[in-house]
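Presented below is the structure to which this report refers.
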Amino acid sequence: MPCDDYRAIELLSRTPYGRVSASRRALPFTTVTRHLIIDGKLILRLHRGYDYHQALDGSVVAYEADNVNSGECDTWSVQFIGTARAFRPALAERALFGRTPRLADGVPFAPVFLRIEPEFVALHHLTDVPVLQYAQNVGRPAPPATSTPRTLREAFR
């Protein structure tokens, strides 16, 4: 395994959540998920009720995690690409994930697991990110909008 791959795995251990992306009915989607690295493979825990696991199982996916909101002045991002497969972790492996969320969109969280054997790993760094400028704006109300869009499509024009 190349040195950058080991570094990427080490960085992933610093943050518990990331995002998995794939396509569903030819449309892209991304969802947040908990991750662990076990025996060089990426193991994901997500909510069964979203039904994303069915679209992900057997599909090539991209998984990304970062430290963007950490407040550190150097930012990193790790991306793993590989085929996701449904996976039933042993009880000891499930315990490594820790407590599951109580609810997902108002319903009890039902965990389902996927395993990704990375075929491609990318590691990116941004150095001397101006986090103080961002941090100064956190908590301040957004400026008033001139009009409220009636549809999602209008909001992105």
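FYI, the numbering just counts along the sequence from 1.
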Under a 4.5 Å cut-off applied to non-hydrogen side-chain atoms, are L11 and Y6 in contact? no

Here the pair of heavy atoms bringing V121 nearest to P118 is CG2-CB, 3.9 Å

Given the rule in the salt bridge (Lys or Arg N to Asp or Glu O under 4.0 Å) test, do D57 and R115 qualify, once you have shown the distances and angles that lead to the verdict? CA-CA 9 Å; D57 186 22; R115 178 176 54 205; over 6 Å; no

Side chains of H47 and V112: does their closest heavy-atom pair fall under 4.5 Å? no

Is a donor on one side and an acceptor on the other found under 3.5 Å between the side chain of D5 and the backbone of A122? no

Beyond-backbone contact of F80 with L12, side-chain heavy atoms, under 4.5 angstrom: yes

Spatial distance of atom CD (E93) from atom CZ (R45) [nearest 0.5 Å]: 13.5 Å

Side chain proximity check, L46 to L114, heavy atoms < 4.5 angstrom: yes

If I take atom CG from residue N69 and atom OG1 from residue T15, how far apart are they, to the nearest 0.5 angstrom? 9.5 Å

Plane angle bin for Y50 and Y52 - parallel if under 30°, tilted between 30 and 60°, otherwise perpendicular: tilted

Would you say I116 and F97 are hydrophobically clustered, going by side-chain heavy atoms of ILVMFWY under 4.5 Å? no

So which heavy atom on P89 is nearest to which on R94, and how close? CG-CG, 3.5 Å

Would you check if H125 and S77 make a side-chain contact, meaning some heavy-atom pair closer than 4.5 Å? no

To the nearest 0.5 Å, tell me how far D51 CG sits from T31 OG1. 11.5 Å

Quick one: does D66's side chain get under 4.5 Å of R19's, heavy atoms only? yes

Could you tell me the separation between the CZ atom of F87 and the CG atom of L44, rounded to the nearest 0.5 Å? 11.0 Å

Please determine whether side chain to side chain contact (heavy atoms under 4.5 Å, CB included) holds for the pair T75 and N67, giving the CA-CA distance in whole Å, both sets of side-chain angles, and the decisive distance to 0.1 Å. CA-CA 6 Å; T75 298; N67 72 334; 3.4 Å; yes

Would you say L36 and R34 make side-chain contact, with heavy atoms under 4.5 Å? yes

Got more than 12 heavy atoms from elsewhere within 6.0 Å of CD, E117? no

Shared hydrophobic cluster for F113 and I38 (ILVMFWY, side-chain gaps under 4.5 Å): yes

Would S21 and E64 satisfy side chain to side chain donor-acceptor pair (under 3.5 Å), going step by step from the backbone distance to the final call? CA-CA 8 Å; S21 299; E64 191 273 340; over 6 Å; no

Could you give me the CA-CA distance, side-chain angles and deciding distance for H35 and Y17, then say whether ring-ring contact (aromatic ring centres under 6.0 Å, His included) is met? CA-CA 6 Å; H35 68 263; Y17 285 87; 7.8 Å; no

Heavy-atom distance under 4.5 Å between the side chains of F109 and R48, does that happen here? no

Okay, side chain of S59, backbone of V61: is any donor-acceptor separation there less than 3.5 Å? no

If you link ILVMFWY side chains whenever their heavy atoms are less than 4.5 Å apart, which other residues fall into the same cluster as F120? By chain and number, please. V60, I81

Once you round to the nearest 0.5 Å, how far does OG1 of T33 lie from NE2 of H53? 12.0 Å

Heavy-atom closest pair, residues G18 and A65: CA-CB, 4.0 Å

Is a donor on one side and an acceptor on the other found under 3.5 Å between the side chain of Y63 and the backbone of L42? no

Rounding to 0.5 Å, atoms CD1 (I9) and CG (L123) come to a distance of 11.0 Å

What are the two closest heavy atoms between T100 and P111, and how far apart are they? CG2-CG, 4.3 Å

